[in-house]
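Contents: one structure, followed by commentary.
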Amino acid sequence: MPDQYETVANAKIGILMGSSSDWPTMQAAAKTLRDLDVPYEANVISAHRAPRRLEHYCGSAEERGIRALICAAGGAAHLAGVAAALTPIPVLACPMKAWSLEGLDSLLSMAQMPKGIPVATFAIGSAGATNAALFSVAMLAGTDEAIDARYRAFRKAQSDKTFPLPPIEG
């Protein structure tokens with residue numbers, strides 16, 4: 001991951017990580033967006049180590065066409081909250097397992113946002129990363145027919161994989 005953030009033409013979703021160590025988990029979000037053909041950009045921008053970079057990124061995201069930010073961080077996990085304070089676009093938080101408490105510290109940090117600065121918080125780890133990506137796609141589906149069709153096809157394929165229970169005898 002680059003030190004300076006990179007933008008991607010036509011990106012709809014921004015994936016932000018507080019550290020490059022979050023990338024192995026956040027690849028689940030990136031793969032989900034790729035599979036649904038939703039353009040995204042992924043960057044490492046620490047809220048603590050690069051606050052001015054984060055401010056610039058969040059301040060320019062909306063005008064560049066970013067419609068949601070998926071923010072991953074561990075420990076104090078301030079990235080999502082700071083991003084939400086810097087932009088009006090939706091912020092989706094993915095808590096990472098960090099050096100203590102198996103990610104519970106991150107989850108609680110992200111979930112305990114003050115009134116008026118909303119952050120949607122997902123599960124710890126790759127399940128949360130996948131669901132944050134799917135949630136962002138669901139939001140985009142309301143205004144983009146092509147994304148809506150792909151999202152509905154994905155949901156149908158998931159349902160089609162579910163096998164009915166055998167009949168109960170007796």
Query raised in the report: In a check of side chain to side chain contact (heavy atoms under 4.5 Å, CB included) between Thr32 and each of Ile13, Asn131, Thr130, Val137, which one passes?
Result: Thr130
Query raised in the report: How far apart are the closest heavy atoms of Tyr57 and Gly14, and which atoms are they?
Result: OH-CA, 3.6 Å
**Report entry** Heavy-atom closest contact (Val91 atom, Cys71 atom, distance)
**Finding:** CG1-SG, 3.9 Å
Report task. For the residue pair Leu33 and Ile15, establish whether any side-chain heavy-atom pair is separated by less than 4.5 Å. Result -> yes
Query raised in the report: Going by heavy atoms in the side chains, are Tyr151 and Met139 under 4.5 Å from each other?
Result: no
Query raised in the report: With a 4.5 Å heavy-atom cut-off, do Met26 and Ile70 have their side chains touching?
Result: yes
Query - Hydrophobic cluster identity match, Ile45 and Leu86, side-chain contacts under 4.5 Å - result: yes
Query - Between CG on residue Leu36 and CD1 on residue Ile147, distance to nearest 0.5 Å - result: 9.0 Å
Query raised in the report: Are any non-hydrogen side-chain atoms of Leu79 and Leu54 less than 4.5 angstrom apart?
Result: yes
Query raised in the report: Say you draw a straight line from CG of Asp22 to CD of Gln27; how long is it, rounded to the nearest 0.5 Å?
Result: 11.5 Å
**Report entry** Minimum heavy-atom distance between Ile117 and Gly81, given as atom pair plus value
**Finding:** CG2-O, 4.1 Å
Query raised in the report: Do Ile124 and Met96 share a hydrophobic cluster (ILVMFWY, side-chain heavy atoms under 4.5 Å, transitive)?
Result: no
Query raised in the report: Does Ala76 offer a backbone N or O that forms a donor-acceptor pair with the side chain of Ser109 under 3.5 Å?
Result: yes
Query - Expected output: side-chain Thr87 to main-chain Ala84 donor-acceptor under 3.5 Å - result: no
Query raised in the report: Are any side-chain N or O atoms of Arg64 and backbone N or O atoms of Thr7, one a donor and one an acceptor, separated by less than 3.5 Å?
Result: no
Report task. Keeping the roles fixed (side chain from Ser106, backbone from Ala77), state whether a donor-acceptor pair exists under 3.5 Å. Result -> no
Report task. Just do the side chain to side chain contact (heavy atoms under 4.5 Å, CB included) check on Met110 and Phe122 with the steps written out, would you? Result -> CA-CA 9 Å; Met110 291 174 166; Phe122 291 82; over 6 Å; no
Query raised in the report: Can you tell if the side chain of Ile66 reaches within under 4.5 Å of the side chain of Glu41, non-hydrogen atoms only?
Result: yes
Query raised in the report: Would a 4.5 Å heavy-atom cut-off, applied to side chains only, mark Ser136 and Leu92 as touching?
Result: yes
Query raised in the report: Can you tell me if Arg67 uses its side chain to pair, donor with acceptor, with the backbone of Lys12 under 3.5 Å?
Result: no
**Report entry** Taking every non-hydrogen atom, the tightest pair across Glu62 and Pro88
**Finding:** OE1-CG, 3.5 Å
Report task. Identify the two heavy atoms, one from Val119 and one from Ala93, that lie closest to each other, and give their separation to 0.1 Å. Result -> CG1-CB, 3.4 Å
**Report entry** Reported CG-to-CH2 distance for the pair Asn43 and Trp23, which is rounded to 0.5 angstrom
**Finding:** 9.5 Å
Requested in this report: Kindly determine whether Cys58 and Val82 satisfy side chain to side chain contact (heavy atoms under 4.5 Å, CB included), including the steps that lead there.
Outcome: CA-CA 9 Å; Cys58 290; Val82 174; over 6 Å; no
Query raised in the report: Between Ile89 and Ala61, what is the shortest heavy-atom contact and its length?
Result: CD1-CB, 4.0 Å
Query raised in the report: Can you tell me how far CD of Gln158 sits from CZ of Arg155, rounded to the nearest 0.5 angstrom?
Result: 6.5 Å
Query raised in the report: Are more than 12 heavy atoms from other residues, nucleotides or ligands located less than 6.0 Å from atom CG of Asp160?
Result: yes
Query - side chain to side chain contact (heavy atoms under 4.5 Å, CB included) between Phe154 and Leu134, worked out - result: CA-CA 10 Å; Phe154 165 81; Leu134 289 171; 3.5 Å; yes
Query raised in the report: Asp35: what forms a salt bridge (charged side-chain N to carboxylate O under 4.0 Å, His left out) with it, not counting sequence neighbours?
Result: Lys31
Query - Flag if over 12 foreign heavy atoms under 6.0 Å of CD, Glu145 - result: no
